[in-house]
Amino acid sequence: MKHLIVWIKQHYLAMILSFSIPLLLMAIAYYSIGIYPGSERSILATDSFAQYANFHASFHNVLHGKQSIFYSWSGSLGLNYWSLAAYYLNGLFTPLVGLFDNSVMPDTLYYLTLLKFGASGLSFWFFAYHTFNIDRWLTIGLSVSYALMSYAVGYSEVIMWLDTFVYLPLIVWGIHRLMDEKKPVLLFVSYLLLFLSNFYMAFMVGVFTFLYTLIRTVLDWRKYRGRFAAYLLTSFLAGGASMLTILPTVLDLSNNGESMTIIDRLFTQDTGVWDIIAKSMVGVYDTAKYESMPFIYIGLLPLIFCVYYFLCGKIPWKNKVGYGSLLVFLIAGVYIYPLNLFWHGMHAPNMFLFRFSFLISFLTILLAGFGLEKFSKEESNRLLNGVLGIGGVFVLFLILSNKKRYDVISFESLAVTIGLLFLYLSIWLFFQSSFKWKKWLPLLLVVLMSGEALFNARSMVVGILYDWGYPDRSYYTKSYEDVQQLVDETNQEDSSFFRLENLDVESLNTSFNFGYHGVSMFSSIRNRHSSQYLNALGFRSLGTNLTIDYANNTLLADTIIGMKYNISKNELNKFGYDKVSESGEYTLYENQYALPLGILTDEEIYGEGSVKNQTELFNQLSGMEGELFSFGEAALIDSADAIVTETEEIISIGEQEASLAKQVTWLVTIPAKTQAYLSLVPLDWAKTQGVDIEWTVEGNTRKNKLNNTGQYYNLGYYEDPTTVKLTASFSGGTEQKVELYRPDAVFLNTDRFAEAVEKIQKKGVDLQVDGRKAKGTVSLEKEQVLLTTIPYDRGWKVLIDGEEADIQTFKDAFLTVIVPAGEHEIEFVFLPQGFMVGAALFVSCILIFTGYVLWERKRKKTRYYIEEKDQSEASL
C-alpha cells in the first residue's frame, strides 16, 4: 500500500493531465461550434438524438425503479430490454445518468462524452507508462493523441463506442502483464468489462488482440510459448463470464436479427487508392455516411515514429514483418470486401463505415511507442528519411489523386500537415543535440501535440455539424415538461395497462424517454416477427424492420393494440377519442374503444391464412361478418409547383422547379357518421426514400417521411355528410417525381365499428403489468384461447394457477395460451432466453479464474521457496 501511495505521488500530475487535457480540448472544440452545458445547440447529432438520448433516459427509469431491466413495454408494443441494453447501454459510465433528470439529457450525454474522452486518455497513459521506456511527457502527448484520434471524435455521436477506447489499452497492457509477468487479472477484468459493455465492438477488439498475442508469441516462441495457453484460458473465461449479456443477446439476434450479408464482390465499393493517405492528414473529415473513407488519423508524431519503427536498425526484422503483417491485414480490410465484412461480423454496416479502422490507429500509435524507445542520435538520418518520405507521399497524393474524390482535402489541412511534420522533426533533432534548453522540448512537444489534436478535433465536430447537424436543444426540451405532465396524468388515472402515442414527436424512440407504452421504435435490437405482423396491421415497418411507425393507421388498429391515449398538438378528430386534458400546446385524448391486453377467442385464430389484416382480425374477435370499410373517390382538384399526370391506376407528381415543394389537393365527400381516410400508397417504396410529405386537413397540418408511415391519412370523423380537402406537399428525396397509386377515400362505418368493439370488450381480459410480468384472472365455461398483444419472444413463459403451460404463438407475433374451463389465474413472466445459463457461466467462470489465479500464486510461492532453499544449501 505504501508503494502505491508513493507511486501515485510521483505520477499524479501525469495522470491528471492525461485525463484532463483530452477532456478540456474536446470541451473547447464543442464550444467553438456553440455546444456547452445549457447551450442552445445540443450534442445530440444523428443517432445520439434518435436513439442514445432516449435509451439513456430509459436506463434512468430503470435505475429509479420505473421499468424492468429485462423487459420494456415502451417500443414496438414491447421487447427484450436486456438485449437492447447490451448494444446501446451497458457501459461502465451509463449508471451516471441516474444522477440527472431526463429533461436535461442533452447535457448528461455531453458530460458522459467528455468523461469518456478523458478516461481514454488516462487509460492509454497507464498502458504507455508500463509499456514504453520513453520520456514522461511523451506518454502524456501520446495519450492525448490516442484519446482524440479522428475515429473517436468523428464517430462520437455513437457514444457507446467510446467505451471501447477506454478498455483497448488496458487489454493490451493486460496481455503484456500476462505474457511478461504471468499476471492475468488485468486482462481478465478488461476483457470482461469490454464484452459486457458492447458485444459488437468487443468482437473487433477480440479478433485484433488475439492476432496481436499470437504474433507476439511467435516472435519470441521460446519465452512465450507457455504463456499463450494462459492467454487462451484467461480470454475464454472472460468470454464465458460475459455470456451473462452476450448469450441472451446472441439468441435474441438469431431470432430477430438480420441475415448475413452476401459476399458478391472482391473489392469494397467506393474506396480509393489514396484513402489511407488522405485520412492520415490533419483535420480531414469527409462524411460518416456512405462513400466515406476510413477514419485512421491519430496524430503526426505517432505516424512519424510508426514509419520510423520499420526503418530503425535496432528493431529485429522479424518484429517488423510480424507487426507489419498485422497492419497490412487491417488495411486490407478496407479494400477487400470479404475481409471488410469479416471485421463487421459478416454484416455490412448501415453508414458509419469501416468501424474497425480504430484498430489501424491503435496499432500505429503502439508501433510508434516501440519506435520512440529505440530512437537515438545516430538514428537521426533514418528519422529524417522517414519524415521526408511521409511528406513526399502527401505531395504525390496532392499531384496524382482524383481531385473530385478528394475535394475534402483543404489547403489548410495540407499546410498544417506539412508544417507540423517538419516542426516535429526539428524539435526531435534538437532534442538529440546538446541544445541548452532541450529539457523543455518534451513539454513543447506535448503542447504542440495537444494543439494538433485540438485542430483535428474541431475539424471533426465541424464536419459532423455540416454532415449530420447538431440539433437545437429545443427539439428535445421545448415541450418536455408539457408531455411529461400529460403522461403522468394518464398513469394517475389508469392503474390498468394501456398504450399511448404522441403524434408530434421528433424521434420514434420518445416513448422510452417518458416510459409510456407505445408502438413506434427505431432500433437495431427489435422483435422482427411482431413488427412484420404489425406492418400487416397497417403500422409501417418495412425491410429489416429497423423502424416501426405508429402514424397514419385506422381506428381498428388502435383498438386491437389497446391504444387508449393520444397526445397531439393539433385537433385530433378521431371517432371515440375525447379530449381529457391539456398542457401547453399539447392535448391529451382518451380512446373509448381501446381493448385490454388480453382477448378471449377460439382456436380458429390459428388457422392457416386466417386474419391476415386488421379487418379480418377484428371480425374474428367480434364474431361479426362483413366489411367495416367502404371506398369512395378522391378527386384531384388543384396543384401548385407540380406537373401532375394521371392514368386509371397511377398519379405522377413531377417537380416544376427543383427548389419548390410539389403540392396537390384532393377533395373527398364523407358520408354521415363516418371516420374517413385518404389512402396514399407509393408505386415504389424505395424511390420515396427521403421524401417529406406535409399534409393539411381542415387547417391542421402534419409532416412526416412518406415511406416511413402508414398509408391512411386521417380526414376526420363527421356526424353529417361533409366535403373536406386534403392538401399534400412533397419535397426532398432523390427522384424528380413522386409516383402513387391513385388515392382512394376510405370510410369506416363507426356504428358497425362501435358494435364490434362492444362485443370484443366483453371478451377482454385485463392483465395487470408489473415490470416483466403480466397477470390476470379468467372464469371460463369452456376451453378458450387467450390472445394477447404481447410480442412473442422465447423468453416468455406462462403460468396457469402456478403451473407452466404451453405457449402458442399467433402469427409468430403475439403470445397466446389455451386456457381450460374454470376459474384460473394466468401469469406471463419474461426472462431473456439464455439468461440463466449466462448467469451460471458468469459465476462459474469468475470462480474458475479466481481459483486459477490463487493456484498460480501458490505455485509461484512454492517455486520461490524451493529456489531459496536450494540457494541456502548451496551456500553451506
Side-chain angles (χ1 to χ4, degrees), residues 76-77 499 501 519-520 527-543 545 547-563 574-576 591 593-595 599 601-632 634 649 674-683 685 707-715 740-750 752-757 759-761 763 785 787-792 808-816:
S76 193
L77 302 189
R499 292 191 167 103
E501 275 287 351
V519 175
S520 298
N527 189 323
R528 293 191 64 191
H529 298 295
S530 63
S531 293
Q532 286 165 359
Y533 186 64
L534 286 173
N535 182 68
L537 293 180
F539 299 108
R540 184 67 60 216
S541 182
L542 299 173
N545 308 107
T547 64
I548 182 168
D549 202 319
Y550 169 76
N552 299 340
N553 210 335
T554 73
L555 289 177
L556 268 67
D558 274 9
T559 298
I560 289 168
I561 64 168
M563 185 58 60
K574 289 168 70 172
F575 175 74
N591 181 12
Y593 295 100
L595 294 174
I599 305 293
T601 183
D602 54 53
E603 294 191 37
E604 290 183 9
I605 202 168
Y606 300 129
E608 187 175 349
S610 63
V611 291
K612 297 184 293 295
N613 56 47
Q614 56 181 260
T615 301
E616 291 184 8
L617 179 56
F618 219 73
N619 285 340
Q620 202 281 338
L621 295 176
S622 66
M624 297 173 62
E625 295 182 357
E627 293 294 331
L628 290 162
F629 292 101
S630 60
F631 300 89
E649 296 183 353
T674 297
Q675 178 73 46
Y677 306 91
L678 186 69
S679 175
L680 295 181
V681 181
L683 190 64
W685 289 101
N707 70 330
N708 285 356
T709 63
Q711 71 185 74
Y712 302 110
Y713 291 74
N714 183 31
L715 297 176
L740 307 169
Y741 289 102
R742 283 183 66 96
D744 290 320
V746 182
F747 305 128
L748 174 62
N749 184 322
T750 56
R752 195 169 185 281
F753 165 77
E755 181 185 356
V757 174
K759 291 179 179 295
I760 301 174
Q761 285 176 333
K763 304 176 183 179
V785 173
L787 167 69
T788 74
T789 51
I790 302 173
Y792 171 70
Q808 307 288 325
T809 67
F810 170 63
K811 301 293 183 183
D812 290 326
F814 295 147
L815 294 179
T816 69

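A quick note: this is a predicted structure, and the numbers were derived from the prediction, not measured. The chain is numbered in sequence order, starting from 1.
Side chain of R499 to backbone of L77: a donor-acceptor contact under 3.5 angstrom is found. Looking only at distances, a side-chain donor or acceptor of T788 sits under 3.5 Å from a matching main-chain atom of L815. Listed for the D549 side chain is no donor-acceptor partner under 3.5 Å among the backbone atoms of T709. Checked by atom type and distance alone, the side chain of K574 never pairs as donor or acceptor with a backbone atom of L555 at under 3.5 Å. In this structure a side-chain-to-backbone donor-acceptor pair under 3.5 Å is missing from E501 to M563.
Distance CG/L683 to OH/Y741: 4.5 Å, rounded to 0.5 Å. Here the NZ-CG distance, from K811 to L617, works out to 9.0 Å after rounding to the nearest 0.5 Å.
The aromatic rings of F753 and F575 sit perpendicular, their planes meeting at an angle over 60°, well past the 30° parallel limit.
Under the ring pair (Phe, Tyr, Trp, His ring centres under 6.0 Å) criterion, Y712 pairs with no residue, sequence neighbours left out. For K612, the salt bridge (Lys or Arg N to Asp or Glu O under 4.0 Å) partners two or more places apart in sequence, or in a different chain, are E616. Remark: Y792 engages no residue in a ring pair (Phe, Tyr, Trp, His ring centres under 6.0 Å) (not counting sequence neighbours).
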- Task: Starting from the C-alpha separation in whole Å, work towards a yes-or-no answer on side chain to side chain donor-acceptor pair (under 3.5 Å) for T750 and Q675.
- Result: CA-CA 7 Å; T750 56; Q675 178 73 46; over 6 Å; no
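When all heavy atoms of L740 and P682 are compared, the pair lying nearest together is CD2-CA, 3.8 Å.
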